[in-house]
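The next block holds one structure in the form of C-alpha coordinates; read it before the comments.
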Amino acid sequence: MQRKYLYPLLVILLTLGYLFFEKYANEKLDQPIVEAGMEVKEHTNDYFLPTSTTGQIVHHNYYSLSYSEPDEQAEWVAYELKKSQLKNSDFERPYFEVDPAVKTKSAHWRNYKKSGYDRGHLCPAGDREFSKQAYEETFLTSNITPQRHDFNAGVWNRLEQKVRYWASQYDGVFVVTGGILKDKIGTIGDEKVTVPESFYKIVYDRSGDNIKMLAFLMNHVESKKPLYSFVTSVDQIEKLTGIDFFPQLEDGLEDKLEASMDYKEWSFR
DNA sequence: CTGCCATTC
DNA sequence: GAATGGCAG
(Lines give C-alpha, C1' and ligand atoms only; values in the text may rest on other atoms or scores of the structure.)
Protein backbone atom coordinates (compact mmCIF):
# COMPACT_ATOMS: atom_id res chain seq x y z
CA MET A 1 0.00 0.00 0.00
CA GLN A 2 1.19 3.47 -0.76
CA ARG A 3 2.10 5.51 2.24
CA LYS A 4 -0.16 8.40 1.31
CA TYR A 5 -3.26 6.27 1.96
CA LEU A 6 -2.19 5.28 5.43
CA TYR A 7 -3.32 8.33 7.33
CA PRO A 8 -6.83 8.72 5.78
CA LEU A 9 -7.41 5.01 6.23
CA LEU A 10 -6.43 5.23 9.87
CA VAL A 11 -8.85 8.11 10.41
CA ILE A 12 -11.69 6.18 8.82
CA LEU A 13 -10.99 3.08 10.89
CA LEU A 14 -10.82 5.07 14.10
CA THR A 15 -14.07 6.85 13.25
CA LEU A 16 -15.85 3.61 12.51
CA GLY A 17 -14.45 2.07 15.66
CA TYR A 18 -15.63 4.98 17.72
CA LEU A 19 -19.11 4.92 16.20
CA PHE A 20 -19.33 1.19 16.83
CA PHE A 21 -18.30 1.69 20.42
CA GLU A 22 -20.87 4.45 20.89
CA LYS A 23 -23.68 2.36 19.50
CA TYR A 24 -22.98 -1.06 20.94
CA ALA A 25 -20.34 -1.08 23.63
CA ASN A 26 -21.89 1.78 25.56
CA GLU A 27 -25.28 0.12 25.46
CA LYS A 28 -23.76 -3.03 26.84
CA LEU A 29 -22.05 -1.14 29.62
CA ASP A 30 -25.29 0.57 30.43
CA GLN A 31 -27.22 -2.66 30.79
CA PRO A 32 -28.32 -3.75 34.24
CA ILE A 33 -26.77 -6.85 35.69
CA VAL A 34 -30.24 -8.33 35.85
CA GLU A 35 -33.66 -7.31 34.58
CA ALA A 36 -35.01 -3.91 35.52
CA GLY A 37 -36.48 -4.02 38.97
CA MET A 38 -34.61 -7.13 40.00
CA GLU A 39 -31.47 -5.44 41.00
CA VAL A 40 -30.97 -4.22 44.49
CA LYS A 41 -27.78 -2.31 44.52
CA GLU A 42 -25.37 -3.07 47.30
CA HIS A 43 -24.94 0.59 47.89
CA THR A 44 -26.06 3.82 46.38
CA ASN A 45 -25.38 7.48 46.74
CA ASP A 46 -27.13 7.52 50.06
CA TYR A 47 -25.91 10.90 51.11
CA PHE A 48 -29.31 12.39 50.46
CA LEU A 49 -31.63 9.52 51.39
CA PRO A 50 -34.22 9.99 54.13
CA THR A 51 -34.68 7.58 57.01
CA SER A 52 -37.20 4.78 56.69
CA THR A 53 -40.04 4.36 59.16
CA THR A 54 -40.85 0.96 57.67
CA GLY A 55 -37.44 -0.68 57.61
CA GLN A 56 -37.60 -1.56 53.96
CA ILE A 57 -35.43 0.55 51.71
CA VAL A 58 -35.01 -0.63 48.14
CA HIS A 59 -32.44 0.71 45.70
CA HIS A 60 -33.09 0.58 42.01
CA ASN A 61 -30.68 1.76 39.39
CA TYR A 62 -32.09 5.24 39.10
CA TYR A 63 -34.09 5.80 42.26
CA SER A 64 -34.48 4.50 45.78
CA LEU A 65 -37.60 4.04 47.89
CA SER A 66 -38.89 3.09 51.30
CA TYR A 67 -41.83 0.72 51.00
CA SER A 68 -44.78 0.75 53.38
CA GLU A 69 -46.48 -2.63 53.17
CA PRO A 70 -49.65 -1.56 55.05
CA ASP A 71 -50.13 1.23 52.53
CA GLU A 72 -48.97 -0.85 49.54
CA GLN A 73 -46.83 2.01 48.30
CA ALA A 74 -43.63 3.87 49.04
CA GLU A 75 -43.53 6.34 51.90
CA TRP A 76 -40.82 8.11 49.94
CA VAL A 77 -39.09 7.84 46.59
CA ALA A 78 -35.76 9.63 46.24
CA TYR A 79 -33.58 10.29 43.23
CA GLU A 80 -31.20 12.75 41.71
CA LEU A 81 -32.27 14.48 38.53
CA LYS A 82 -29.15 15.59 36.74
CA LYS A 83 -29.18 18.28 34.13
CA SER A 84 -27.57 15.83 31.70
CA GLN A 85 -30.47 13.43 32.20
CA LEU A 86 -33.09 15.82 30.88
CA LYS A 87 -34.22 14.31 27.62
CA ASN A 88 -37.35 13.52 25.66
CA SER A 89 -37.26 10.01 24.27
CA ASP A 90 -40.89 9.10 23.66
CA PHE A 91 -40.48 5.51 24.81
CA GLU A 92 -43.50 3.26 24.66
CA ARG A 93 -45.22 2.98 28.02
CA PRO A 94 -44.81 -0.55 29.39
CA TYR A 95 -47.17 -2.36 31.77
CA PHE A 96 -46.71 -1.80 35.46
CA GLU A 97 -44.95 -4.65 37.21
CA VAL A 98 -44.82 -5.84 40.79
CA ASP A 99 -41.50 -4.79 42.26
CA PRO A 100 -39.56 -7.99 42.87
CA ALA A 101 -37.10 -6.16 45.08
CA VAL A 102 -39.80 -5.45 47.66
CA LYS A 103 -39.77 -8.42 50.03
CA THR A 104 -43.51 -8.39 50.64
CA LYS A 105 -44.20 -7.66 46.97
CA SER A 106 -45.60 -4.33 45.93
CA ALA A 107 -49.26 -4.03 44.99
CA HIS A 108 -50.56 -5.39 41.71
CA TRP A 109 -51.65 -2.78 39.19
CA ARG A 110 -55.10 -4.41 39.07
CA ASN A 111 -55.85 -2.66 42.34
CA TYR A 112 -55.89 0.55 40.32
CA LYS A 113 -57.95 -0.81 37.45
CA LYS A 114 -61.35 0.86 37.32
CA SER A 115 -60.70 2.36 40.74
CA GLY A 116 -61.21 5.83 39.38
CA TYR A 117 -57.65 6.72 40.33
CA ASP A 118 -54.56 7.16 38.21
CA ARG A 119 -51.42 5.12 38.70
CA GLY A 120 -49.52 8.22 39.61
CA HIS A 121 -45.76 8.00 39.33
CA LEU A 122 -43.73 9.16 42.32
CA CYS A 123 -40.47 9.21 40.39
CA PRO A 124 -41.94 10.57 37.15
CA ALA A 125 -41.41 8.66 33.94
CA GLY A 126 -40.66 12.02 32.39
CA ASP A 127 -37.60 12.39 34.62
CA ARG A 128 -36.13 9.07 33.48
CA GLU A 129 -36.14 9.32 29.71
CA PHE A 130 -32.38 9.26 29.34
CA SER A 131 -32.47 5.50 28.81
CA LYS A 132 -35.08 2.84 28.11
CA GLN A 133 -34.01 0.96 31.18
CA ALA A 134 -34.37 4.01 33.42
CA TYR A 135 -37.77 4.77 31.91
CA GLU A 136 -39.12 1.25 32.36
CA GLU A 137 -37.80 1.08 35.88
CA THR A 138 -40.31 3.75 36.89
CA PHE A 139 -43.12 1.39 35.91
CA LEU A 140 -42.82 -0.70 39.06
CA THR A 141 -45.84 -0.57 41.32
CA SER A 142 -43.60 0.39 44.24
CA ASN A 143 -43.24 3.72 42.45
CA ILE A 144 -46.93 4.58 42.11
CA THR A 145 -49.71 5.93 44.27
CA PRO A 146 -53.44 6.40 43.63
CA GLN A 147 -54.01 9.92 42.37
CA ARG A 148 -57.06 11.68 41.06
CA HIS A 149 -56.60 12.19 37.38
CA ASP A 150 -57.26 15.92 37.40
CA PHE A 151 -54.75 16.33 40.21
CA ASN A 152 -52.09 14.14 38.58
CA ALA A 153 -52.46 15.75 35.18
CA GLY A 154 -52.97 19.16 36.73
CA VAL A 155 -51.19 20.84 39.61
CA TRP A 156 -48.99 17.81 40.39
CA ASN A 157 -47.85 17.63 36.79
CA ARG A 158 -47.11 21.34 36.87
CA LEU A 159 -44.89 20.78 39.89
CA GLU A 160 -43.06 17.90 38.20
CA GLN A 161 -42.39 20.03 35.18
CA LYS A 162 -41.09 22.82 37.40
CA VAL A 163 -38.68 20.37 38.99
CA ARG A 164 -37.34 19.56 35.54
CA TYR A 165 -36.97 23.25 34.87
CA TRP A 166 -35.05 23.71 38.10
CA ALA A 167 -32.82 20.77 37.24
CA SER A 168 -31.94 22.53 34.01
CA GLN A 169 -31.37 25.87 35.71
CA TYR A 170 -29.43 24.68 38.75
CA ASP A 171 -27.41 21.86 37.18
CA GLY A 172 -29.40 19.06 38.76
CA VAL A 173 -31.53 18.67 41.85
CA PHE A 174 -32.32 15.99 44.40
CA VAL A 175 -35.95 15.04 44.78
CA VAL A 176 -37.85 13.23 47.51
CA THR A 177 -41.56 12.67 47.09
CA GLY A 178 -44.49 10.68 48.41
CA GLY A 179 -47.97 10.74 49.89
CA ILE A 180 -48.85 11.63 53.46
CA LEU A 181 -49.86 8.09 54.32
CA LYS A 182 -51.17 8.84 57.81
CA ASP A 183 -54.06 10.77 56.34
CA LYS A 184 -55.87 8.52 53.93
CA ILE A 185 -59.07 9.27 52.05
CA GLY A 186 -59.64 5.58 51.49
CA THR A 187 -58.20 2.50 49.86
CA ILE A 188 -58.50 0.83 46.47
CA GLY A 189 -58.44 -2.77 45.33
CA ASP A 190 -58.18 -6.11 47.08
CA GLU A 191 -54.83 -5.16 48.50
CA LYS A 192 -56.28 -1.95 49.97
CA VAL A 193 -53.81 0.50 48.53
CA THR A 194 -53.90 3.71 50.56
CA VAL A 195 -55.23 6.80 48.83
CA PRO A 196 -53.34 9.69 50.45
CA GLU A 197 -55.13 12.88 51.37
CA SER A 198 -52.10 14.92 50.40
CA PHE A 199 -48.70 14.64 48.75
CA TYR A 200 -45.33 16.20 49.39
CA LYS A 201 -42.28 16.89 47.30
CA ILE A 202 -38.91 18.16 48.47
CA VAL A 203 -36.34 19.62 46.09
CA TYR A 204 -32.75 20.11 47.13
CA ASP A 205 -30.13 21.99 45.16
CA ARG A 206 -26.51 21.74 46.23
CA SER A 207 -25.01 22.38 42.83
CA GLY A 208 -23.78 25.90 43.44
CA ASP A 209 -22.55 27.99 46.31
CA ASN A 210 -26.10 28.76 47.21
CA ILE A 211 -27.38 25.51 48.73
CA LYS A 212 -31.13 25.59 48.97
CA MET A 213 -34.11 23.42 49.74
CA LEU A 214 -37.79 23.73 48.96
CA ALA A 215 -40.76 21.69 50.17
CA PHE A 216 -44.28 21.44 48.80
CA LEU A 217 -47.39 20.06 50.41
CA MET A 218 -50.42 19.62 48.20
CA ASN A 219 -53.90 18.59 49.11
CA HIS A 220 -55.03 15.75 46.84
CA VAL A 221 -57.23 18.09 44.86
CA GLU A 222 -56.68 19.80 41.54
CA SER A 223 -55.91 23.48 41.90
CA LYS A 224 -55.14 26.41 39.67
CA LYS A 225 -53.26 28.21 42.38
CA PRO A 226 -49.62 29.12 41.73
CA LEU A 227 -47.08 26.53 42.82
CA TYR A 228 -45.43 28.79 45.38
CA SER A 229 -48.66 28.85 47.36
CA PHE A 230 -48.02 25.19 48.25
CA VAL A 231 -44.59 25.82 49.73
CA THR A 232 -44.08 24.57 53.25
CA SER A 233 -41.07 23.61 55.35
CA VAL A 234 -39.37 20.24 55.45
CA ASP A 235 -39.89 20.35 59.20
CA GLN A 236 -43.63 20.41 58.62
CA ILE A 237 -43.45 17.36 56.35
CA GLU A 238 -41.33 15.56 58.91
CA LYS A 239 -44.05 16.19 61.48
CA LEU A 240 -46.71 14.78 59.19
CA THR A 241 -44.76 11.70 58.08
CA GLY A 242 -42.32 10.87 60.89
CA ILE A 243 -39.56 10.70 58.28
CA ASP A 244 -36.20 12.36 58.86
CA PHE A 245 -35.14 13.95 55.59
CA PHE A 246 -31.48 14.67 54.82
CA PRO A 247 -30.13 13.28 58.12
CA GLN A 248 -26.63 13.25 56.61
CA LEU A 249 -26.42 17.02 56.46
CA GLU A 250 -24.45 18.81 59.08
CA ASP A 251 -26.97 19.59 61.81
CA GLY A 252 -26.66 23.35 61.65
CA LEU A 253 -27.22 23.38 57.91
CA GLU A 254 -29.98 20.78 58.10
CA ASP A 255 -31.86 22.76 60.73
CA LYS A 256 -31.59 25.95 58.73
CA LEU A 257 -32.65 24.44 55.40
CA GLU A 258 -35.49 22.37 56.80
CA ALA A 259 -37.04 25.19 58.78
CA SER A 260 -37.11 27.49 55.78
CA MET A 261 -40.16 28.35 53.74
CA ASP A 262 -38.24 30.91 51.78
CA TYR A 263 -38.61 30.43 48.05
CA LYS A 264 -37.17 33.69 46.77
CA GLU A 265 -34.06 31.91 45.45
CA TRP A 266 -36.21 29.60 43.35
CA SER A 267 -37.45 30.74 40.00
CA PHE A 268 -41.15 30.19 39.39
CA ARG A 269 -40.89 31.67 35.92
C1' DC B 1 -46.48 16.05 29.57
C1' DT B 2 -49.99 13.33 32.93
C1' DG B 3 -53.00 9.34 32.10
C1' DC B 4 -57.48 5.79 31.00
C1' DC B 5 -60.41 2.86 28.17
C1' DA B 6 -62.34 0.07 24.21
C1' DT B 7 -61.48 -3.02 20.45
C1' DT B 8 -59.34 -6.89 18.30
C1' DC B 9 -56.43 -10.63 18.25
C1' DG C 1 -51.48 -9.66 27.53
C1' DA C 2 -50.08 -7.09 22.85
C1' DA C 3 -51.18 -3.81 19.63
C1' DT C 4 -53.96 -0.18 18.10
C1' DG C 5 -56.45 3.98 18.33
C1' DG C 6 -59.31 7.44 20.69
C1' DC C 7 -60.00 10.55 24.44
C1' DA C 8 -59.05 14.31 28.25
C1' DG C 9 -56.66 18.02 31.17
Side-chain angles (χ1 to χ4, degrees), chain A residues 35-38 62-63 65 72-74 77 79 81-100 105-169 172-173 175-179 185-191 193-203 216-230 267-269:
Chain A
E35 289 298 304
M38 284 297 294
Y62 298 107
Y63 65 92
L65 64 97
E72 287 292 2
Q73 66 194 278
V77 166
Y79 61 99
L81 178 56
K82 298 178 185 177
K83 185 176 183 179
S84 62
Q85 293 173 329
L86 292 168
K87 282 175 186 164
N88 285 315
S89 294
D90 198 32
F91 292 122
E92 187 184 348
R93 287 174 73 97
Y95 285 87
F96 281 94
E97 289 179 26
V98 171
D99 187 344
K105 301 300 173 196
S106 57
H108 197 279
W109 59 263
R110 284 201 190 87
N111 291 287
Y112 291 75
K113 182 119 178 142
K114 302 229 173 179
S115 69
Y117 288 94
D118 275 12
R119 300 140 170 138
H121 278 86
L122 290 172
C123 176
D127 284 5
R128 307 281 87 158
E129 295 197 9
F130 51 86
S131 82
K132 192 163 189 287
Q133 183 212 341
Y135 182 77
E136 294 187 344
E137 195 178 61
T138 69
F139 285 78
L140 296 167
T141 59
S142 51
N143 184 43
I144 58 173
T145 180
Q147 288 182 328
R148 292 183 175 131
H149 181 70
D150 54 358
F151 173 81
N152 187 25
V155 65
W156 189 250
N157 187 26
R158 274 200 287 142
L159 178 54
E160 289 177 340
Q161 296 195 37
K162 194 65 70 187
V163 169
R164 286 192 274 274
Y165 168 69
W166 286 326
S168 74
Q169 293 296 301
V173 290
V175 186
V176 184
T177 193
I185 348 176
T187 65
I188 57 169
D190 293 338
E191 293 182 85
V193 182
T194 293
V195 182
E197 189 179 335
S198 49
F199 295 92
Y200 70 89
K201 192 180 289 288
I202 302 170
V203 192
F216 294 87
L217 183 63
M218 287 183 173
N219 204 349
H220 191 175
V221 176
E222 164 59 348
S223 168
K224 298 297 184 194
K225 288 199 282 192
L227 290 175
Y228 56 74
S229 64
F230 298 98
S267 165
F268 283 85
R269 169 188 64 111

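Worth saying up front: this structure is predicted, and the values here are computed from it rather than measured. Only heavy atoms go into these numbers, but all of them, side chains included; no hydrogens, no water, no symmetry mates. All chains are named by letter (A, B, ...) in the order of the sequence lines, taking the proteins before the strands, and each is independently numbered beginning at 1.
Across all strands shown, G154(A) has no heavy atoms under 4.0 Å from either base or sugar-phosphate atoms. Looking at heavy-atom distances under 4.0 Å, R110(A) makes contact with sugar-phosphate atoms alone, never a base. D150(A) comes within contact range of no nucleotide atom at all, as no heavy-atom separation falls under 4.0 Å.
Taking atom CD1 of I188(A) as the reference point, atom P of dC4(B) lies 10 Å away to the nearest angstrom. The CZ atom of R93(A) sits 9 Å away from the C1' atom of dC4(B) (whole-angstrom rounding). As rounded to whole Å, 14 Å separates atom C1' of dA2(C) from atom CD of E97(A). One interatomic measurement links the two molecules: NE2 of H108(A) to P of dG1(C), which rounds to 6 Å at whole-angstrom precision. In this structure, CG of N88(A) is placed 6 Å from P of dC1(B), rounded to the nearest angstrom. Atom NZ in K87(A) sits about 15 Å away from atom P in dC1(B), given to the nearest Å. To the nearest angstrom, C1' of dG3(B) lies 15 Å from CD of E92(A). Taking atom CD of Q161(A) as the reference point, atom C1' of dG3(B) lies 13 Å away to the nearest angstrom.
Side-chain proximity of W109(A) to the nucleotides dC4(B), dC1(B), dG1(C) is greatest for dG1(C). Looking at the side chain of H149(A), the nearest of the listed nucleotides dA8(C), dG1(C), dC1(B) is dA8(C). Closest to the side chain of E160(A), from the set dC1(B), dT2(B), dG3(B), is dT2(B). Closest contact between the side chain of Y95(A) and the listed nucleotides dT2(B), dA2(C), dC4(B) involves dA2(C).
Looking at W166(A), its side chain does come within 3.5 Å of a backbone N or O of S267(A) through a donor-acceptor pair.
Taking side-chain N and O atoms only, N152(A) has a distance below 4.0 Å to OP1 or OP2 of dG3(B). One finds no side-chain N or O of H121(A) lying less than 4.0 angstrom from the OP1 or OP2 phosphate oxygen of dC1(B).
Taking the six-membered ring where tryptophan is involved, the planes of H121(A) and F139(A) are perpendicular, since the angle between them exceeds 60° and thus also 30°. Between F91(A) and Y135(A), the angle of the ring planes lies from 30° to 60°, which puts this pair in the tilted group. Classification of the Y95(A)-W109(A) ring pair by plane angle, with boundaries at 30° and 60°, yields tilted.
Side-chain N/O atoms of R128(A) and Q133(A) include no donor and acceptor closer than 3.5 Å.
Nucleotides of DNA chain B nearest to E129(A) and K114(A) differ in position, and the one nearer the 5' end is that of E129(A).
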